[in-house]
Colleague: 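Below is the structure I would like to discuss, written out as structure tokens.
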Amino acid sequence: MLVDWDWWTVDFGDAHAGAAGVLVGGREPGPVYFDVGSGPDVLSTTHWSAYDGRARRPRAEALRAVCACGWRSAAQYAVDWDTIGDRPLYEADVDLAGPLADRTAHLTVVRDAAVPLPERLAALLVEMAEQLTTTAADAPLAALRAAGVLERIAARVSRETAGALRGDGISVDAVATALGTTRSKALVLLLTAQDG
């Protein structure tokens with residue numbers, strides 16, 4: 001199921017994108033659809049705010065944190081319909097602090113299991129991001145050129161390093177844990193090195 005992700009970090013990208021997931025009857029419902037008239041395209045979403053019981057859509061009973069890696073928080077946070085009343089969820093002041101805290105705890109576990117970056121490299125990456133952001137405001141074409149150079153450097157280093165890891169016989173699961181990514185993304189990285 002395609003999820004509309006609300007929470008994202010630079011550290012882990014889309015491998016650990018997160019959102020407040022909806023529970024109806026203790027299960028995650030499928031996407032809700034919006035009838036916008038005739039035509040071949042039917043809009044759909046899994047965003048928590050769409051599950052308000054209107055237009056035959058399911059009504060959220062509880063929320064929990066969900067992650068693109070497949071992790072789901074054990075904690076569930078009831079949706080207080082007595083307080084919300086007839087308002088659509090997107091207009092209600094729904095407290096997402098619980099799901100967000102659960103997701104933050106999940107990312108802490110992922111971050112702690114990942115291989116740490118050397119301090120000098122981490123500082124250099126922060127400085128590079130700041131410099132690119134500043135350059136994008138002052139000279140957008142120069143920032144795009146620099147981003148392209150960085151993409152090519154990153155692709156080359158990724159291929160070479162992943163190739164060396166394959167040669168060392170490191171497992172896909174070990175690579176995924178060390179990088180803080182999913183097994184499938186780690187596998188793609190290793191297979192790309194093989195093709196490079």
Colleague: What do you reckon, is CG of Asp93 surrounded by more than 12 foreign heavy atoms closer than 6.0 Å?
Modeller: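 It does not: Asp93 CG has 12 such atoms or fewer within range.
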
Colleague: To check you understand the geometry: which heavy-atom pair defines the closest contact between Ala50 and Phe34, and what is its length?
Modeller: CB-CZ, 4.0 Å

Colleague: Side chains of residues 125-133: which donor-acceptor partners sit under 3.5 Å, not counting sequence neighbours?
Modeller:
{"from": "Gln131", "atom 1": "NE2", "to": "Thr135", "atom 2": "OG1", "distance (Å)": "3.3"}
{"from": "Thr133", "atom 1": "OG1", "to": "Ala129", "atom 2": "O", "distance (Å)": "2.9"}

Colleague: Residues in salt bridge (Lys or Arg N to Asp or Glu O under 4.0 Å) with Asp11, at least two apart?
Modeller: Arg111

Colleague: Less than 3.5 Å apart, which donor and acceptor atoms pair up between the side chains of residues 181-191 and the rest of the protein, not counting sequence neighbours?
Modeller:
{"from": "Thr182", "atom 1": "OG1", "to": "Ser184", "atom 2": "OG", "distance (Å)": "3.3"}
{"from": "Thr182", "atom 1": "OG1", "to": "Lys185", "atom 2": "N", "distance (Å)": "3.2"}
{"from": "Arg183", "atom 1": "NE", "to": "Asp173", "atom 2": "OD1", "distance (Å)": "2.9"}
{"from": "Lys185", "atom 1": "NZ", "to": "Asp14", "atom 2": "OD1", "distance (Å)": "3.2"}

Colleague: Quick check: closest heavy atoms across Gly180 and Ala114, and the distance to 0.1 Å?
Modeller: N-CB, 4.1 Å

Colleague: Check whether any side-chain N or O of Gln76 sits under 3.5 Å from a backbone N or O of Arg64 as a donor-acceptor pair, and report yes or no.
Modeller: no

Colleague: Could you report the tightest heavy-atom contact between Pro58 and Val24, atom names first, then the distance?
Modeller: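 Heavy-atom minimum between the residues: CB-CG2, 4.1 Å.
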
Colleague: Which residues satisfy the side-chain contact (heavy atoms from CB on, under 4.5 Å) test with Val10, sequence neighbours excluded?
Modeller: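 Scan of Val10 (side-chain contact (heavy atoms from CB on, under 4.5 Å), adjacent residues dropped) gives Trp8.
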
Colleague: How long is the straight-line distance from CG of Leu63 back to CG of Leu89, given to the nearest 0.5 Å?
Modeller: 7.5 Å

Colleague: Quick one: pull up CD in Glu91 and CG in Asp86 and give me the separation to the nearest 0.5 Å.
Modeller: 11.5 Å

Colleague: Set out, in order, the CA-CA distance, both residues' side-chain angles and the distance that settles side-chain contact (heavy atoms from CB on, under 4.5 Å) for Glu28 and Leu23, then state yes or no.
Modeller: CA-CA 5 Å; Glu28 291 181 27; Leu23 293 169; 4.1 Å; yes

Colleague: A side-chain contact here means heavy atoms from C-beta on lying under 4.5 Å apart; do Asp6 and Trp48 qualify?
Modeller: yes

Colleague: In this structure, would Trp7 and Trp71 fall into the same cluster of hydrophobic residues linked by side-chain contacts under 4.5 Å?
Modeller: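 Trp7 and Trp71: separate clusters.
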
Colleague: List the residues meeting side chain to side chain donor-acceptor pair (under 3.5 Å) with Ser49, not counting sequence neighbours, and say none if there are none.
Modeller: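 For Ser49, the residues satisfying side chain to side chain donor-acceptor pair (under 3.5 Å) (neighbours in sequence not counted) are His47.
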
Colleague: Determine yes or no for a side-chain-to-main-chain donor-acceptor pair under 3.5 angstrom, with Trp81 supplying the side chain and Ala60 the backbone.
Modeller: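 Side chain of Trp81 to backbone of Ala60, a donor-acceptor pair under 3.5 Å: yes, one is there.
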
Colleague: Taking ring-ring contact (aromatic ring centres under 6.0 Å, His included) as the cut-off, I'd like each qualifying pair that reaches into residues 140-186, sequence neighbours left out, listed once.
Modeller: none

Colleague: Could you report the tightest heavy-atom contact between Ser44 and Pro31, atom names first, then the distance?
Modeller: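 Looking at all heavy atoms of both residues, the closest pair is CB-CB, 4.2 Å.
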
Colleague: Could you tell me whether a side-chain N or O of Arg156 sits under 3.5 Å from a main-chain N or O of Ile153, the two making a donor and an acceptor?
Modeller: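 Checked: no pair found.
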
Colleague: Consider only side-chain heavy atoms of I, L, V, M, F, W and Y, link residues closer than 4.5 Å, and tell whether Val22 and Leu43 are in one cluster.
Modeller: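 Hydrophobic grouping puts Val22 with Leu43.
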
Colleague: Could you list the cluster mates of Val110? Members are the ILVMFWY residues connected by side-chain heavy atoms closer than 4.5 Å, either directly or through other members.
Modeller: Phe12, Leu107

Colleague: Which pairs, with at least one residue in residues 107-165 and sequence neighbours excluded, count as a ring-ring contact (aromatic ring centres under 6.0 Å, His included)?
Modeller: none

Colleague: Quick one: list whatever passes side-chain contact (heavy atoms from CB on, under 4.5 Å) with Arg145, sequence neighbours left out.
Modeller: none

Colleague: Without placing hydrogens or testing angles, list every side-chain donor-acceptor pair under 3.5 Å for residues 97-104, not counting sequence neighbours.
Modeller:
{"from": "Asp102", "atom 1": "OD1", "to": "Tyr77", "atom 2": "OH", "distance (Å)": "3.2"}
{"from": "Asp102", "atom 1": "OD2", "to": "Tyr77", "atom 2": "OH", "distance (Å)": "2.7"}
{"from": "Arg103", "atom 1": "NH2", "to": "His16", "atom 2": "O", "distance (Å)": "2.8"}
{"from": "Thr104", "atom 1": "OG1", "to": "Leu100", "atom 2": "O", "distance (Å)": "2.9"}

Colleague: Residues in salt bridge (Lys or Arg N to Asp or Glu O under 4.0 Å) with Arg54, at least two apart?
Modeller: Asp52

Colleague: Is there a continuous path of hydrophobic side-chain contacts, each under 4.5 Å between heavy atoms, that joins Val32 to Val94?
Modeller: yes

Colleague: Using side-chain contact (heavy atoms from CB on, under 4.5 Å) as the criterion, list what pairs up with Ala178, not counting sequence neighbours.
Modeller: Val115

Colleague: Above 12 or not: heavy atoms from other molecules or residues under 6.0 Å from CG of Asp168?
Modeller: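 Yes, enclosed.
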
Colleague: State, with a plain yes or no, whether a side-chain heavy atom of Arg72 is found less than 4.5 Å away from one of Val66.
Modeller: yes

